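Structure record follows, encoded as structure tokens.
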Amino acid sequence: MKTVTTALDVLVIQNEDTWDQCNWIVPLSKALEGLNAEQAAWVPPSGGLSIWQLANHMFYYNQRILERLQEKEPSVPAADSNVATFGISGDPLNEAGWSKLMEQTTKLAEQLRDTLATLQDSKLEEAYMDSDDNWAQTLARWVLHDAYHAGQIVQLRRQQGCWSIVF
């Protein structure tokens with residue numbers, strides 16, 4: 001018997017592939033694997049963002065998405081701008097701070113996975129906040145957002161010579 005793949009099924013698959021399943025793209029967990037604070041805080045000589053900043057940015061938005069999915073008010077206030085969500089480049093000597101961010105990021109990814117797995121298909125058609133978008137559109141863009149930044153992290157690792165992960 002053939003099963004029907006729902007939009008929610010697709011979002012769950014995409015979320016898993018973006019976080020930890022090695023399929024068509026490098027998942028975020030692999031992109032971040034084995035990094036130390038010095039590598040995470042490194043900024044390309046030509047300028048740009050550090051891996052730490054990208055991780056901060058994704059954590060900020062992922063936390064807000066999770067809390068909204070749980071129908072809670074976001075615990076972190078709205079940022080003044082998108083740029084503000086990246087924060088500072090990170091302290092190359094702060095291994096504890098980097099490790100804490102990675103632990104929080106992993107826990108958040110697990111909570112998002114669990115929350116998506118228990119969503120009802122009908123939730124996808126509900127309006128997302130005060131926008132013209134619904135949850136399906138918002139979640140589809142959110143998954144792409146994390147995949148995009150995972151690719152940036154791989155590129156930064158390649159630039160600094162600390163990418164040797166093969167999957």
Side-chain angles (χ1 to χ4, degrees), residues 1-37 39-44 46-70 82-83 85-87 89-90 98-99 101-126 128 131 133-167:
M1 179 175 188
K2 188 174 180 178
T3 61
V4 175
T5 303
T6 67
L8 188 54
D9 294 334
V10 171
L11 285 169
V12 168
I13 291 164
Q14 289 178 324
N15 176 252
E16 289 172 349
D17 284 1
T18 301
W19 172 248
D20 67 355
Q21 297 301 308
C22 296
N23 285 307
W24 289 64
I25 63 172
V26 175
L28 187 55
S29 65
K30 286 288 182 197
L32 295 168
E33 186 175 283
L35 282 170
N36 61 39
Q39 294 162 330
W42 180 83
V43 176
S46 59
L49 298 168
S50 69
I51 292 169
W52 200 316
Q53 287 173 297
L54 293 169
N56 283 335
H57 171 76
M58 287 185 288
F59 187 85
Y60 170 83
Y61 282 110
N62 289 350
Q63 182 69 41
R64 291 177 70 83
I65 283 281
L66 174 64
E67 290 170 344
R68 287 181 175 138
L69 279 169
Q70 295 171 334
N82 186 52
V83 172
T85 65
F86 292 97
S89 62
W98 175 247
S99 292
L101 179 57
M102 289 302 90
E103 288 170 20
Q104 291 172 323
T105 296
T106 300
K107 181 179 177 184
L108 181 56
E110 291 167 358
Q111 291 173 313
L112 281 161
R113 180 195 62 226
D114 294 346
T115 300
L116 279 179
T118 61
L119 272 185
Q120 299 298 311
D121 286 306
S122 59
K123 176 76 171 175
L124 297 179
E125 297 308 317
E126 292 178 16
Y128 176 74
S131 73
D133 293 342
N134 62 25
W135 271 102
Q137 294 161 318
T138 299
L139 292 171
R141 290 178 182 122
W142 159 69
V143 170
L144 291 172
H145 174 259
D146 279 5
Y148 170 74
H149 288 308
Q152 286 182 304
I153 290 168
V154 170
Q155 183 63 30
L156 286 166
R157 291 188 72 166
R158 285 182 172 149
Q159 286 177 330
Q160 61 181 299
C162 67
W163 181 254
S164 60
I165 297 173
V166 177
F167 65 91

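Just so you know, these numbers use all the heavy atoms, side chains as well, and skip hydrogens, waters and symmetry mates. Everything numeric here is computed off the predicted structure, so don't read it as measured data.
Proximity of a side-chain donor or acceptor of Arg158 to a complementary backbone N or O of Trp163 within less than 3.5 Å is not detected. Between the side chain of Arg157 and the main chain of Ala31, a donor-acceptor pair closer than 3.5 Å is present. Using modelled atom types, no side-chain atom of Thr138 and backbone atom of Tyr128 make a donor-acceptor pair closer than 3.5 Å. Glu16 places no side-chain N or O within donor-acceptor distance of the main-chain N or O of Ile13, the cut-off being under 3.5 Å. In this structure, the side chain of Gln159 does not engage the main chain of Pro44 through any donor-acceptor pair within 3.5 Å. When atom types are taken as modelled, the side chain of Glu67 and the backbone of Arg64 share no donor-acceptor pair closer than 3.5 angstrom. With hydrogens and angles disregarded, no donor-acceptor distance shorter than 3.5 Å links the side chain of Gln14 to the backbone of Val143.
Between Asn56 and Phe86 the shortest side-chain heavy-atom distance does not fall below 4.5 Å.
Using modelled atom types and a 3.5 Å distance limit, the side chains of Asn15 and Thr18 yield no donor-acceptor pair. Side chain to side chain, Tyr60 and Asn82 fail the donor-acceptor criterion of an N or O pair below 3.5 Å. A donor and an acceptor atom, one from each side chain of Trp142 and Asn62, are located under 3.5 Å apart.
Annotation for Ala55 and Leu101: closest pair CB-CD2, 3.8 Å, computed over non-hydrogen atoms. Considering all non-hydrogen atoms of both residues, Leu8 and Leu119 come closest at CD2-O, 3.1 Å. Across all their heavy atoms, Gln53 and Gly87 have their closest contact at NE2-O, 2.8 Å. Closest approach of Asn134 and Leu124 over heavy atoms only: CG-O, 3.2 Å. Of all the heavy atoms in Pro27 and Trp19, the pair that sits closest is CB-O, 3.2 Å.
Rounded to the nearest 0.5 angstrom, Gln152 CD and Ser50 OG are separated by 11.0 Å. The CG atom of Leu66 sits 5.0 Å away from atom OG1 of Thr115, with the distance rounded to the nearest 0.5 Å. Taking CE of Met102 as the reference point, atom CZ of Phe59 lies at 9.5 Å (rounded to 0.5 Å). For the atom pair CG of Leu139 and CG of Asp133, the computed distance is 10.5 Å after rounding to the nearest 0.5 Å. Atom CD of Gln63 sits about 11.0 Å away from atom CZ of Arg68, to the nearest 0.5 Å. Rounding to the nearest 0.5 Å gives a distance of 10.0 Å between NE2 of His149 and CG of Leu28.
Within 6.0 Å of atom CD in Gln70, more than 12 heavy atoms from other residues, nucleotides or ligands are found, so the atom counts as buried in its surroundings.
One finds no salt bridge joining Lys107 and Glu110 here, because no Lys/Arg side-chain nitrogen approaches an Asp/Glu carboxylate oxygen to under 4.0 Å.
Each of Leu35, Ile51, Val43 was evaluated against Leu156; a single residue qualifies, Ile51, per the side-chain contact (heavy atoms from CB on, under 4.5 Å) test.
Between His57 and His145, the ring-plane angle classifies as tilted under the 30° and 60° cut-offs.
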